[in-house]
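Some notes on the structure that comes next.
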Amino acid sequence: MRVEASLHVAEAAEMAGGVLRKKPPGSPSPLWGTLHTLWQDKHLVLFKTEYTLLVVSVLWLLEIVINVWVIQKVAYTEIDWKAYMDEVEGVINGTYDYTQLKGDTGPLVYPAGFVYIFTALYYITSHGVNIRLGQYIFAVFYLITLLLVFRIYYRTKKVPPYVFFFVCCASYRIHSIFVLRLFNDPVAMMLLFAAINLFMDGYWTLGCGLYSLAVSVKMNVLLFAPGLLFLLLTEFGLIRTIPKLSLCAGIQLLLGLPFLLENPVGYMSRAFDLGRQFMFKWTVNWRFLPEWLFLNRYFHLLLLSVHLLTLLLFALRRWKRPRENIFEILMEPSKRTVPAQKNTIVLILFTSNFIGMCFSRSLHYQFYVWYFHTLPFLLWSGGVKKLAHLLRVLILGLIELSWNTYPSTNSSSAALLVCHLIILLCLWLAPPLLSAPDETQGDAPVKDKRQ
């Protein structure tokens, strides 16, 4: 009995001691500990990628205020909105022949997905008259796009947090494209970034469907297609890629069916016109060339040839991992040593689009949104170690300045070309994909969750 009592006393004392050890007097709460750590690392918050979520959350909330201020204080400029409304009004009135659909700025040249989305906006904004409401809708598109972009950067851990200030708050041109011009380009890019998030999560089939929807709004999204095709072929092989490509094609056929039934040649030639000739006075790039050369057909063919050759070189030398037999993988993707990681997926898609931008025949001001949000990732993925933070930010600043110079000049277009070539060179000199950070740090491989 005496021994048993002693054991009870010792157990009670140990429990009491444990309680005291767990919660000593004056012990700080977990929240206080987090805040204390944050305060100690305050000088690193803008440089350490683990603080990305905190920084982008603050910036996203700030963007709500900025967009409201821009809408309320900066004058709206009419460029294409009225033309969009006239074009979809023609469809609403029963015209399904694409050659008969036009607005103030010319004929309808966008695929059918554009028609459906902007028809909805037509009704929501009282037949396109309530432009202020349209601006707030596009502000929501902008905020959704930022969320999708921030999620990509947060998951890849590639870019230091301070750079995100330049991704959102510091760009006048991007805010203008979204809420002061109401172009269709932001809608296409919002859907595109949503598709990339699905690819990163392994939902390849669903992502392909959303990607096709983005193409149906504006065909500039096709610049991502070579990278996506490479990823699909190397991840799933030729046979399992066919259903995903069929889904993309099927969505285009389904959306365009009313117009294809009415005038198939007219729809295809207008909605997917790859030979459109852009006016020299509106171009942001190649301004330093004489106009006759800019409009020359052989110059366009040269750009297309260099574009395709660069894509082929990147696919065979930079996107393909060392010691991988690309033809063997196409037939049997299970022989691939490491499945594509999140950083690899983003890098290949962003690079594919960027190569297209570098060798585009003409870039108009609203086209800036086609690659603006991808630039930091590309710059911080480059393989030139001497390209320090300050130089990368300088390149971002020069690109922003070039796109904000209106009308473009010889100097602004030449500066844009030089910046593009520097980024392209850095991407070419980047380390092989096998040694990418997300693969060496044990990041889980991305599986196909939707066969």
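Nothing fancy with the numbering, it's 1 onward along the sequence.
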Quiz item: Taking all atoms of both residues into account, what is the closest heavy-atom pair of Leu347 and Ser381, and its distance?
Solution: CD1-CB, 3.8 Å

Exercise. Name the orientation class of the two ring planes belonging to Phe350 and Phe193 (parallel below 30°, tilted from 30 to 60°, perpendicular beyond 60°).
Key: perpendicular

Self-check item: Trp81 and Phe138: CA distance, side-chain angles, deciding distance, side chain to side chain contact (heavy atoms under 4.5 Å, CB included) verdict
Solution: CA-CA 12 Å; Trp81 174 258; Phe138 271 77; 4.1 Å; yes

Quiz item: Quick check: does any side chain N or O of His175 sit under 3.5 Å from a backbone N or O of Ser171, one acting as donor and the other as acceptor?
Solution: yes

Practice problem: Answer whether the closest heavy-atom distance between the side chains of Ile79 and Phe183 falls below 4.5 Å. | Solution: yes

Quiz item: Is a side-chain N or O of Asn296 found less than 3.5 angstrom from the main chain of Tyr298, in a donor-acceptor match?
Solution: yes

Exercise. Enter the distance from Leu192:CG to Met190:CE here, rounded to the nearest 0.5 Å.
Key: 11.0 Å

Exercise. Inspect the surroundings of CG in Leu390 and state if more than 12 heavy atoms from other residues, nucleotides or ligands are less than 6.0 Å away.
Key: no

Self-check item: Over-ring placement of Arg287 relative to Phe280, 6.0 Å and 45° cut-offs
Solution: yes

Exercise. Give the ring-plane orientation class for Phe367 versus His364, where under 30° counts as parallel, over 60° as perpendicular and anything between as tilted.
Key: parallel

Quiz item: Where do Leu121 and Phe118 land on the side chain to side chain contact (heavy atoms under 4.5 Å, CB included) test, with the steps shown first?
Solution: CA-CA 5 Å; Leu121 292 173; Phe118 278 81; 3.8 Å; yes

Practice problem: Work out which heavy atom in Asp104 is nearest to a heavy atom in Ala83; give both atom names and the distance. | Solution: N-CB, 3.8 Å

Quiz item: Met357 and Leu223: side chain to side chain contact (heavy atoms under 4.5 Å, CB included), yes or no, with the steps?
Solution: CA-CA 8 Å; Met357 295 291 289; Leu223 293 178; 4.3 Å; yes

Quiz item: Between the side chain of Thr95 and the main-chain N/O of Val91, is any donor-acceptor distance below 3.5 Å?
Solution: no

Quiz item: Taking the side chain as C-beta and beyond, is there a heavy-atom pair between Val159 and Thr49 under 4.5 Å?
Solution: no

Quiz item: Given side chains that start at C-beta, do those of Ile423 and Leu375 come closer than 4.5 Å, heavy atoms only?
Solution: yes

Quiz item: Does the side chain of Ser269 reach to within under 4.5 Å of the side chain of Tyr98, using non-hydrogen atoms?
Solution: no

Quiz item: Going through the distances and angles, do Leu143 and Val140 end up as a side chain to side chain contact (heavy atoms under 4.5 Å, CB included)?
Solution: CA-CA 5 Å; Leu143 293 171; Val140 173; 5.6 Å; no

Self-check item: Donor-acceptor under 3.5 Å (His300 side chain, Phe294 main chain)
Solution: yes

Quiz prompt | Sidechain-backbone polar pair: Arg318 side chain, Trp428 backbone, donor-acceptor under 3.5 Å | solution = yes

Quiz item: Between Phe259 and Tyr96, how do the two ring planes meet: parallel, tilted or perpendicular, split at 30° and 60°?
Solution: tilted

Quiz item: Within a reach of under 6.0 Å around NZ of Lys102, are more than 12 heavy atoms found that belong to other residues, nucleotides or ligands?
Solution: no

Quiz item: Considering all heavy atoms of both residues, which atom of Tyr110 and which atom of Lys218 are nearest to each other, and what is their separation?
Solution: CE2-CE, 3.8 Å

Quiz prompt | Inter-residue atom distance Phe272.CZ - Gln252.CD, 0.5 Å rounding | solution = 4.5 Å

Quiz prompt | Non-hydrogen side-chain atoms of Thr283 and Glu291 separated by less than 4.5 Å | solution = no

Exercise. Give, for atom CD1 of Ile71 and atom CD1 of Ile131, the distance between the pair rounded to the nearest 0.5 Å.
Key: 12.5 Å

Quiz item: What is the minimum heavy-atom distance between Cys169 and Leu59, and which atoms define it?
Solution: SG-CD2, 3.9 Å

Quiz item: Taking the side chain as C-beta and beyond, is there a heavy-atom pair between Pro407 and Lys281 under 4.5 Å?
Solution: no

Quiz item: With distance as the sole test, does Asn263 use its side chain to make a donor-acceptor pair with the main-chain N or O of Asp97 at under 3.5 Å?
Solution: no

Practice problem: Using only heavy-atom distances, determine whether the side chains of Gln135 and Tyr76 contain a donor-acceptor pair under 3.5 Å. | Solution: no

Quiz prompt | Parallel, tilted or perpendicular, as decided by the 30° and 60° cut-offs, for the rings of Tyr162 and Phe47 | solution = tilted

Practice problem: Please name the residue in the list Cys208, Ser212, Ser216 that meets the side chain to side chain contact (heavy atoms under 4.5 Å, CB included) test with Ile251. | Solution: Ser212

Quiz item: Would you say the ring centroid of Trp204 lies under 6.0 angstrom from that of Phe236?
Solution: yes

Exercise. Check the side chains of Glu400 and Tyr172 for a donor-acceptor pair under 3.5 angstrom, ignoring hydrogens and angles.
Key: no

Quiz item: Of the non-hydrogen atoms in Asn353 and Trp370, which two are nearest, and what is the gap between them?
Solution: ND2-O, 3.1 Å

Quiz item: So does Tyr154 have more than 12 non-hydrogen atoms from other groups sitting under 6.0 Å from OH?
Solution: no

Quiz item: Hey, is the main chain of Ser360 close enough, under 3.5 Å, to the side chain of Asn285 for a donor-acceptor pair?
Solution: yes

Quiz item: Are Arg361 and Trp286 in a cation-pi setup, meaning NZ or CZ lies under 6.0 angstrom from the ring centre and within 45 degrees of the ring axis?
Solution: no

Quiz item: Side chains of Met200 and Arg155: closer than 4.5 Å at any heavy-atom pair?
Solution: yes

Quiz item: What's the spacing between Leu311 CG and Ile355 CD1 if we round to 0.5 Å?
Solution: 4.5 Å

Exercise. Assess whether atom CZ of Arg317 is packed by more than 12 heavy atoms of other residues, nucleotides or ligands within 6.0 Å.
Key: no

Self-check item: Side-chain heavy atoms of Phe230 within contact of Ser352, under 4.5 Å
Solution: no

Quiz item: Roughly how far, to the nearest 0.5 Å, is the OH atom of Tyr211 from the CG atom of Leu191?
Solution: 12.0 Å

Exercise. Check whether NZ of the Lys or CZ of the Arg Lys82 lies under 6.0 Å from the centre of the six-membered ring of Tyr84 and within 45 degrees of that ring's axis.
Key: no

Quiz item: Which pair of non-hydrogen atoms, one from Leu180 and one from Ala75, has the smallest distance, and what is that distance?
Solution: CD2-O, 4.0 Å

Quiz item: Does any N or O in the side chain of Tyr116 come within less than 3.5 Å of the main-chain N or O of Leu255, such that one atom is a donor and the other an acceptor?
Solution: yes

Quiz prompt | Reported CG-to-CG distance for the pair Leu254 and Leu260, which is rounded to 0.5 angstrom | solution = 10.5 Å

Quiz item: Are any side-chain N or O atoms of Thr241 and backbone N or O atoms of Leu232, one a donor and one an acceptor, separated by less than 3.5 Å?
Solution: yes

Exercise. Measure from the side-chain N and O atoms of Ser402 to the backbone N and O of Ser412, and report whether any donor-acceptor pair falls under 3.5 Å.
Key: yes

